[in-house]
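Notes for the one structure printed next.
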Amino acid sequence: MTEPVLVDQTFLLRDDVVAIARELIGMLLIVKNQSVVKAGIIAETEAYAGITDKASHAYGGRRTIRTETLYRAGGTVYVYLCYGVHHLFNIVTNQENIPHAVLIRGILPVNEKAIPENFRDEFEAWKGIANGPGKLTKKLGIRASHNASMLNSDAIWLYKFPEYHPVEIVKTSRIGVDYAGEDAYLPYRFYARQYKPAKI
DNA sequence: ACACCGATTATCT
DNA sequence: GATAATCGGTGTA
């Protein structure tokens, strides 16, 4: 595998959050906690399209302490606690005040050879797959304190493989959003065919 | 102050 | 496939 490069975050400022969710498949997520580096290849995502999306925390323009992070500029990290137990990791997209976000739902492990050189000494590998939004944050050590931080600054980085050849990507409806009425059927979820999601 | 609920997961059958 | 566990966020008052 060729050396990954830090992503140019301007693609996160675009308006088409669903397209961005699809493009994030195959990118490399790196998390550093106190001299420990963990990483994974993004394999499953979901788009949340802001004020018009009944499944979004920001539906109807709702602004609370929690959702304030969603209104920041693309590239902001949105972490929230779900069911009082699981931290869920999102990447905010679009311009400031437009609360779009992509939920990262699954990652695959990555070989040390594919880790950027500057992280390799502190890299710790893990096995299996993290096929669930709560599982991957636990694997990578993403916590509530990461909420509202910026990607590519000091804790969470997004890289891409320049010669990555897109695998077949499955498009389907989102998981666990029955409360969203007809919006629960929107095809806003993506996953790589070779990866096995927990829920089909 | 208090009741309800959830962008889930593990553990059953 | 069905269901219990679990607790901070949120709305209502």
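Residue numbers begin at 1 in each chain, while the letters A, B, ... track the order of the sequences.
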What nucleotide, of [options], holds the atom closest to the side chain of [X]?
| X | options | answer |
| --- | --- | --- |
| A:Cys82 | B:dA10, C:dG11, B:dG6 | B:dG6 |
| A:Ile175 | B:dT9, B:dT8, B:dA7 | B:dT8 |
| A:Lys135 | B:dA10, B:dA7, C:dG11 | B:dA10 |

Check your understanding: Would you say A:Tyr179 reaches B:dA7's phosphate, i.e. side-chain N/O to OP1/OP2 under 4.0 Å?
Key ->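 For B:dA7, OP1/OP2 do have a side-chain N/O of A:Tyr179 under 4.0 Å.
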
Review point. Taking OP1 and OP2 of B:dA7, is either one under 4.0 Å from a side-chain nitrogen or oxygen of A:Arg189?
Key: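 For A:Arg189, the contact criterion (side-chain N or O under 4.0 Å from OP1 or OP2 of B:dA7) is not met.
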
Assess whether a salt bridge exists between [X] and [Y], defined as any Lys/Arg side-chain N lying under 4.0 Å from an Asp/Glu carboxylate O.
| X | Y | result |
| --- | --- | --- |
| A:Arg63 | A:Glu68 | yes |
| A:Glu23 | A:Lys160 | no |
| A:Glu112 | A:Arg120 | no |

Integer-rounded Å distance: [N] [atom2] and [X] [atom1]:
| X | N | atom1 | atom2 | result |
| --- | --- | --- | --- | --- |
| A:Lys54 | B:dA7 | NZ | P | 16 Å |
| A:His57 | C:dG11 | NE2 | P | 12 Å |
| A:Arg62 | B:dA7 | CZ | C1' | 13 Å |
| A:Leu136 | B:dT8 | CG | C1' | 12 Å |
| A:Asn147 | C:dG8 | CG | P | 16 Å |
| A:Leu70 | C:dT10 | CG | P | 10 Å |
| A:Lys139 | B:dT9 | NZ | P | 13 Å |
| A:Phe89 | B:dT8 | CZ | P | 16 Å |

Check your understanding: After noting the C-alpha distance and the side-chain angles of A:Thr45 and A:Ile25, does the key distance pass the side chain to side chain contact (heavy atoms under 4.5 Å, CB included) rule?
Key -> CA-CA 7 Å; A:Thr45 61; A:Ile25 302 284; 3.9 Å; yes

Sugar-phosphate only, base, or nothing, as touched by [X] at under 4.0 Å among non-hydrogen atoms:
| X | value |
| --- | --- |
| A:Leu88 | sugar-phosphate |
| A:Arg66 | sugar-phosphate |
| A:Lys199 | base |

Closer than 3.5 angstrom, by distance alone: can the side chain of [X] be matched with the main-chain N or O of [Y] as a donor-acceptor pair?
| X | Y | value |
| --- | --- | --- |
| A:Asp183 | A:Asp53 | no |
| A:Thr137 | A:His87 | yes |
| A:Asn111 | A:Lys113 | yes |

Check your understanding: Does NZ or CZ of A:Arg105 lie under 6.0 Å from the centre of the six-membered ring of A:Tyr191, at an angle within 45° of the ring axis?
Key ->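 That pair does not qualify as a cation-pi contact.
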
Review point. Is A:Arg174 positioned over the aromatic face of A:Tyr188, cation under 6.0 angstrom from the ring centre and no more than 45 degrees off axis?
Key: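 Judged by the rule, A:Arg174 and A:Tyr188 form no cation-pi pair.
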
Practice item. Encode nucleotides 1-7 of chain C as B, S and - characters from 5' to 3', where the letter depends on protein heavy atoms closer than 4.0 Å: B to the base, S only to sugar-phosphate, - to neither. Key: -----BB

Review point. Would A:Tyr80 count as stacked on C:dG9 if the rule is ring centres under 5.5 Å and plane angle under 30°?
Key: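 No.
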
Check your understanding: How about A:His57 and A:Tyr80: are their ring centres within less than 6.0 Å of each other?
Key ->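 Yes, the ring of A:His57 comes within the 6.0 Å limit of the ring of A:Tyr80, centre to centre.
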
Review point. Which stems, defined as runs of 3 or more consecutive Watson-Crick or G-U wobble pairs with both pairing distances under 3.5 Å, involve DNA chain B?
Key: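 Listed by first number, the stems are B:1-6 with C:7-12, B:8-12 with C:1-5.
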
